[in-house]
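First the structure, in the form of structure tokens, and then the observations on it.
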Amino acid sequence: MAIDGLDLISSARYGAAGPPHEQWRQLRSQPLRYFEPTDYEPFWAVTRHADIMEISGRPDDFCNGEGIVLLTDEQAYRRDNPTIPMVMKTIIEMDPPDHRIFRKVASGYFTPRGIERLDEIVSTSAKAVIDSLGSEGEADFVEKITQQHPLRVLSTILGIEPEQEQQLLELTTQLFGGDDPELQREGETRDEANMALFMDFFTMFNAIIQDRRANPRDDLATMLATATLENGEPLGDIETLGYYLIVFNAGHDTTRHSLTGAFQAFLENPDEFQRLRDDPSLRKTAVEEIVRVSAPVNYMKRTATRDLVFDGHDIEKGDMFALFYASANRDESVFDDPDRFDIGRSPNRHLGFGWAEHYCLGAHLARASISALLEQLAARMEWMEPAGAADYVASSFVVGPKRLPVRYKISG
Ligand code: HEM
């Protein structure tokens, strides 16, 4: 099968057919390949586990500061001819040394011990979403469960009131809707729509920032609103806002798609679901396996900071690399029977949370959120079966199903 770069990167193709696992499988066995797809920036497709680890571990050679997604020609044109000056950079778009300085602002909150204090929020939320299903019926599990659970958890730690949650959900869905017309914000032009979206986020988060500065509490919102950098200077308003945005936006759709991926995997592998019900202590390995197979962050872009040789290829400064985590997670040189969903898989060196410098800041929180939902499922979901096809969001960046209709029966 001839591989077309658009198979790897076109949002529309992901919307129509989901991730291109067959193309990745072929690419993993070939030398690194350069693609120049119509209407997109050209890129080297990095599909092997070892190559992604190496590139991620060399932030001085392969940077994030030039952007983390491959742009369409139209997006690249808008970037080079901006009608809105973009002043805000979040940590994912920073490089050393700034990146380390800014990451430290919140990294203490997201350690395993820091996350322990969120146990109650996370388990209460997981129970509430399963309660909301009633005892039996048919529902879209994305709408009822997988988007609600991370929304509740992240809103709580960021100080969003329950009545604002749905508005926040709409904003983040529009931001990550990729090119999905069903999810995009309406506006005269793309720039106007994006500006309106940004202003809505700003209004919501700024009110919280001001409130926490006046009335500090024991939460992440306060930590960000009152944060200082290593040199003792306070975090500026734009940087504080950027932190809110990255925590919410990086945390919501990723966790949602992992949870939806968990349901998909259990629906396709009922024996594995029975295994979890029989032995709920498998939750820990199950969480890793769910992130491995669902891989909601499909790829991140890196840009070469200088001319260099990588894997025998001459690389020019400015060349772009798409690190396909979803492919690395099925690399047959690292995982036995990689397409098999095995909730006891160990070791499981997946790259679903990335690697090295930019390793996911929220990984422990994501694990806790997935684990809490698995606990509820193992204890209460007596039976479930698909009630229709799952269709994918038209996005090649944060990837997952838009809907997942399921019939079910729940106890207690
Ligand atoms: C299953 C859910 C999640 C997945 C699969 C995921 C995946 C990722 C990946 C692949 C990266 C980039 C790593 C790299 O480029 O090397 C990342 C970065 C990041 N994630 Fe997550 N993430 C998840 C949940 C969360 C949550 C819940 C939060 C926040 C509460 C979060 C916050 C972040 C932040 C702030 C970064 C940027 C880190 C940096 O640049 O230093 N993520 N995540």
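In listed order, ligands and their atoms are each counted from 1. FYI, the numbering just counts along the sequence from 1.
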Of the protein's non-hydrogen atoms, which lies at the shortest distance from [atom], and what is that distance?
{"atom": "atom 5 (C) of ligand 1", "value": "Gly352 O, 3.4 Å"}
{"atom": "atom 38 (C) of ligand 1", "value": "Arg103 NH1, 3.4 Å"}
{"atom": "atom 36 (C) of ligand 1", "value": "Leu361 N, 4.0 Å"}

For [X], state whether at least one heavy atom is located under 4.0 Å from any atom of ligand 1.
{"X": "Leu351", "answer": "no"}
{"X": "His99", "answer": "yes"}
{"X": "Arg302", "answer": "yes"}
{"X": "Ser56", "answer": "no"}

(request) Within a distance under 4.0 Å of any heavy atom of Leu365, pick out the atoms of ligand 1 and give their elements. (result)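 By the 4.0 Å cutoff, the relevant atoms are 30 (C).
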(request) Could you list the atoms of ligand 1 found under 4.0 angstrom from a heavy atom of Met300? (result)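 Near Met300, meaning under 4.0 Å from one of its heavy atoms, ligand 1 has 12 (C), 15 (O).
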Ion pair present between [X] and [Y], side-chain N to carboxylate O less than 4.0 angstrom?
{"X": "Arg28", "Y": "Glu332", "result": "yes"}
{"X": "Glu66", "Y": "Lys301", "result": "no"}
{"X": "Glu54", "Y": "Arg58", "result": "yes"}
{"X": "Asp131", "Y": "Arg380", "result": "yes"}

(message) So, regarding His358 and ligand 1 (criterion: nitrogen or oxygen to nitrogen or oxygen, under 3.5 Å), is there a contact or not?
(response)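 Between His358 and ligand 1 (N or O atoms, distance only) the closest approach is under 3.5 Å.
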Which part of [X] is near ligand 1, with near meaning a heavy atom under 4.0 Å away: side chain, backbone, both or neither?
{"X": "Cys360", "result": "both"}
{"X": "Ser258", "result": "side chain"}
{"X": "Val297", "result": "side chain"}
{"X": "Leu154", "result": "side chain"}

(message) Tell me if the aromatic rings of Phe43 and Phe321 count as close, with their centers under 6.0 Å from one another.
(response)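 No, the ring of Phe43 stays outside the 6.0 Å limit from the ring of Phe321, centre to centre.
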(request) Decide if the gap between the ring center of Tyr392 and the ring center of Tyr14 is smaller than 6.0 angstrom. (result)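 No.
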(message) Testing the basics here: between Asp237 and Arg213, what is the closest heavy-atom pair and its distance to 0.1 Å?
(response)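 Heavy-atom minimum between the residues: OD1-NH1, 2.9 Å.
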(request) Kindly give the heavy-atom pair with the smallest separation between Leu32 and Ala45, and that separation in Å. (result)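 Nearest heavy atoms, Leu32 then Ala45: CD1-O, 3.5 Å.
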(message) Counting only heavy atoms, tell me which of Tyr325, Phe248, Phe353, Trp355 gets closest to atom 11 (C) of ligand 1.
(response)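 The option holding the nearest heavy atom is Phe353.
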(message) Within 45 degrees of the ring normal and closer than 6.0 Å to the centroid, is that where the cationic atom of Arg292 sits relative to Phe335?
(response)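 Yes, cation above the ring, under 6.0 Å and within 45°.
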